[in-house]
*Asks:* 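Take a look at this one; I'll ask things after.
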Amino acid sequence: MSKVDIVIVNYNSTAYLLNCLYSIDEDIGSDHDNEVQIYVIDNASTDNVNLITDKFPKVILWKNPVNIGFSKAVNYLIARTRS
């Protein structure tokens, strides 16, 4: 179980999200792979959101078929990140 869960909501901001993930990866490095888990929920983006898992295979990505809004997306993910 990870010590830190990072929850990110995306909507047509994949380029910015990739920069964010590169920054996180640079800061935590490979020494902390088991301590940090990154979750991304996408609200029906049309800007090639699959690049996220192509470039960061350890990121867990949920893709909503419709935009459910920020708060519902956060709540959806949080309910699924901790057991």
*Asks:* Once you round to the nearest 0.5 Å, how far does CG of L21 lie from CD1 of I38?
*Replies:*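 It is 5.5 Å, given to the nearest 0.5 Å.
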
*Asks:* Whether the side chain of N75 engages the backbone of S71 through a donor-acceptor N/O pair (distance < 3.5 Å, no angle test) should be reported.
*Replies:* yes

*Asks:* Under the criterion side chain to side chain contact (heavy atoms under 4.5 Å, CB included), I'd like the reasoning laid out for V49 against K63: C-alpha separation, chi angles, the key distance, then a yes or no.
*Replies:* CA-CA 9 Å; V49 72; K63 294 190 273 185; 3.7 Å; yes

*Asks:* With a 4.5 Å cut-off on side-chain heavy atoms, are V74 and V9 touching?
*Replies:* yes

*Asks:* State, with a plain yes or no, whether a side-chain heavy atom of I60 is found less than 4.5 Å away from one of Q37.
*Replies:* yes

*Asks:* Answer yes or no: is there a side-chain heavy-atom contact under 4.5 Å between I41 and I8?
*Replies:* no

*Asks:* Judged by modelled atom types alone, do N48 and T14 share a side-chain donor-acceptor pair under 3.5 Å?
*Replies:* no

*Asks:* I'd like to know if Y11 and L61 are part of one continuous hydrophobic network [Ile/Leu/Val/Met/Phe/Trp/Tyr, side-chain heavy atoms within less than 4.5 Å].
*Replies:* no

*Asks:* With the 4.5 Å side-chain cut-off for hydrophobic clustering, are F70 and Y16 part of the same group?
*Replies:*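 No; Y16 is not reachable from F70 via cluster members.
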
*Asks:* Tell me if the aromatic rings of Y22 and F56 count as close, with their centers under 6.0 Å from one another.
*Replies:*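 Judged by ring-centre distance (under 6.0 Å), Y22 and F56 do meet the cut-off.
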
*Asks:* How close do V59 and T53 get, counting heavy atoms only, and between which atoms?
*Replies:*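 V59 and T53 have their closest heavy atoms at O-CG2, 3.8 Å.
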
*Asks:* Looking at every heavy atom in both A44 and P65, which two are closest together, and how far apart are they?
*Replies:*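 Heavy-atom minimum between the residues: CB-O, 3.6 Å.
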
*Asks:* Can you name the one residue among D42, T46, N67 that meets side chain to side chain donor-acceptor pair (under 3.5 Å) with N12?
*Replies:*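 Of all the options given, the one that passes is T46.
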
*Asks:* Quick one: sort the W62 and Y39 rings into parallel, tilted or perpendicular, breaks at 30° and 60°.
*Replies:* parallel

*Asks:* Got a second to check how far I28's CD1 is from E35's CD, nearest 0.5 Å?
*Replies:* 9.0 Å

*Asks:* Between K72 and N43, does any side-chain donor sit less than 3.5 Å from a side-chain acceptor?
*Replies:* no

*Asks:* Do L17 and I52 have side-chain heavy atoms sitting under 4.5 Å apart?
*Replies:*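 Touching, per the 4.5 Å side-chain cut-off.
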
